[in-house]
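Right, one structure below, let's go through it.
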Protein chains: 2
Amino acid sequence: MQNTKPSSKMFLDIVDELRLMIKAEGIKSGDKIPSERVLAERLQVGRSTVREALRSLELLGLIETRRGEGTFLADFKKHQLVEVLSTFVMQQPKAAMDVTDTRIIHEKAAIRTICEEAQKRNLPVWEGLIMKLDEDGEVFREDIIREMIVATDNRLSLKIWFILKRYSKVPYEQMTAGKENDLVRSLLKHLIEGDVIKAISAYDEWIEHIEGENEE
Amino acid sequence: MQNTKPSSKMFLDIVDELRLMIKAEGIKSGDKIPSERVLAERLQVGRSTVREALRSLELLGLIETRRGEGTFLADFKKHQLVEVLSTFVMQQPKAAMDVTDTRIIHEKAAIRTICEEAQKRNLPVWEGLIMKLDEDGEVFREDIIREMIVATDNRLSLKIWFILKRYSKVPYEQMTAGKENDLVRSLLKHLIEGDVIKAISAYDEWIEHIEGENEE
DNA sequence: ATAATCCGAGTGGTCTGACCACTTCTTTTA
DNA sequence: TAAAAGAAGTGGTCAGACCACTCGGATTAT
């Protein structure tokens, strides 16, 4: 009789069984867990199924396998095990806040990188942007940020940012004149000077300003 | 003739082959990739090995499997971010530096976030890690970082980090005693104190130490 | 008695072939 | 023509086998 369980994700069941087993037998981090063959026997499943479950756990860094020796627990906080698993396993609806936070992570990282590398600070594009702002020219918010991330020369970060930007609720369109214009100009100047703290600070103010404007 | 490849992680080889195959045949997100049997045949490995590789990719959200239908590249309508990561990771092996840089962006961002939020600084897990380090217990590098990103409660960032980590060349497994132990303990202490600058500085030293060790 | 060697049990890594459950498309049938 | 039956293909699982490796105990040599 073969199991061929219809309910998807047999590996979840195995992870669950493993958790109980670990708890019941007091297995601690670094300890050896039962061998694949024993697990298969105890859980009444095939060894290959056990292996697929273990492979998943290994990918998450929760266990470590050593050929000829065995499989070992590399985890110490069970509650966080559950936390991590739920993140990957459950198809949770995307949290808008996470998207925004992550987008800001990349934007700030770009600012920091530019401030810390002279040849990126001295790019003519910054002066160009400031000039545009001085003339009250048409400048889009996302242009500013995009130029920054492009300047960091990290294409992966740029790609991630593009995606996050699309999901973000933040209005990235045209900039408003007046205070926002000043804030961005200040940001760019600090950027050129390489003053990380002031640049980040100006960025924070900018974000705050945009959000405040958006709530009206 | 059995393969029984001694070298690490057949999984990576298969991802590599898969990448070439995807590029050569112009497979796009949402498209079907060759069946497990075909892949096994083409890559000259057993089907179970292919399955273990696919299971890993599935956990990362890079592919989607549907019984009776086949295996598909992650549908970008829902998981566009994952799609970008997957194509980037799978199609541009030269961009390893970008992957590392981006990973570090997320790690540093986690440190900053924790330092700036009291309830995240005061998590018992930090004390626990320090105790483990004091006892010279077995601690894995990636455990430290993972706990930090988990603590930020940004699942998206965590997911991105997991994927990036998987393809990073940085040795994330073993943790050496001595200087590295001190560095990490210092990092954790500054984290608890909420001293961003010192924490980041300790992190930088840590990274430097790991890279130096890796070049010998 | 001690140290070096050998060997076998145990373990993860992989392969093969088989069967099941499911989806899709084709063919047959009412 | 439309419904039903079938064939082919696919992921999911299982069982048994062999390989490469590690470790500890037994054997042997010193």
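These numbers come from a predicted model, not from an experiment. Throughout, protein chains are lettered first and strands after them, A, B, ... in sequence-line order, and every chain is numbered starting at 1.
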Requested in this report: May I ask you to say whether B/E52 pairs ionically with B/R55, meaning some side-chain N is under 4.0 Å from a carboxylate O?
Outcome: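 No.
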By side chain to side chain donor-acceptor pair (under 3.5 Å), which residues pair with [X], not counting sequence neighbours?
X: A/E17; answer: none
X: B/D204; answer: B/K108
X: B/T102; answer: A/N154

Tell me the interatomic distance from [X], atom [atom1], to [N], atom [atom2], rounded to whole angstroms.
X: A/L54; N: C/dG12; atom1: CG; atom2: P; answer: 8 Å
X: B/L39; N: C/dT14; atom1: CG; atom2: P; answer: 16 Å
X: B/L43; N: C/dT16; atom1: CG; atom2: P; answer: 13 Å
X: B/E41; N: D/dT10; atom1: CD; atom2: P; answer: 13 Å
X: A/R37; N: C/dG10; atom1: CZ; atom2: P; answer: 10 Å
X: B/I63; N: D/dG11; atom1: CD1; atom2: P; answer: 9 Å
X: B/E36; N: D/dT10; atom1: CD; atom2: P; answer: 10 Å
X: A/E52; N: C/dG12; atom1: CD; atom2: P; answer: 16 Å

Query raised in the report: Closest to the A/S48 side chain: C/dG12, D/dT13, D/dC14?
Result: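 Between C/dG12, D/dT13, D/dC14, the one nearest the side chain of A/S48 would be D/dC14.
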Query raised in the report: How long is the gap from CH2 on B/W161 to CZ on B/R103, to the nearest 0.5 Å?
Result: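 Rounded to the nearest 0.5 Å, the CH2-CZ separation comes to 8.5 Å.
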Query raised in the report: Without hydrogens or angle criteria, can the side chains of A/E64 and A/T71 be said to hold a donor-acceptor pair below 3.5 Å?
Result: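 Absent: no donor and acceptor within the cut-off.
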Please name all residues satisfying side-chain contact (heavy atoms from CB on, under 4.5 Å) with [X], sequence neighbours left out, ordered by chain then number.
X: A/E117; answer: A/T113, A/Q119, A/K120
X: B/E69; answer: B/R66, B/F72
X: A/E205; answer: A/L183, A/S201
X: A/R121; answer: A/I114, A/A118

Query raised in the report: Mapping B/R47 and B/V50 to their closest nucleotides on DNA chain C, which lands nearer the 5' end?
Result: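 Closer to the 5' end of DNA chain C: B/V50.
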Any side-chain N or O of [X] below 4.0 angstrom from OP1/OP2 of [N]?
X: B/R51; N: D/dG12; answer: yes
X: A/T65; N: C/dG13; answer: yes
X: A/T71; N: C/dT11; answer: no
X: A/T49; N: D/dG12; answer: no

Requested in this report: Take the C1' atoms of the five end pairs on each side of the helix from C/dA1-D/dT30 to C/dA30-D/dT1, derive the two axes, and give their angle rounded to 10 degrees.
Outcome: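 For the helix from C/dA1-D/dT30 to C/dA30-D/dT1, the axes at either end differ by 20°.
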Query raised in the report: Is there a donor and acceptor pair, one atom on the side chain of B/R66 and one on the base of D/dG12, closer than 3.5 Å?
Result: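 No pair found.
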Give every pair of a protein N or O atom and an N or O atom of nucleotides 6-9 of chain D that lie under 3.5 Å apart, one pair per line with the distance.
from	atom 1	to	atom 2	distance (Å)
D/dG9	N2	B/G68	O	3.0

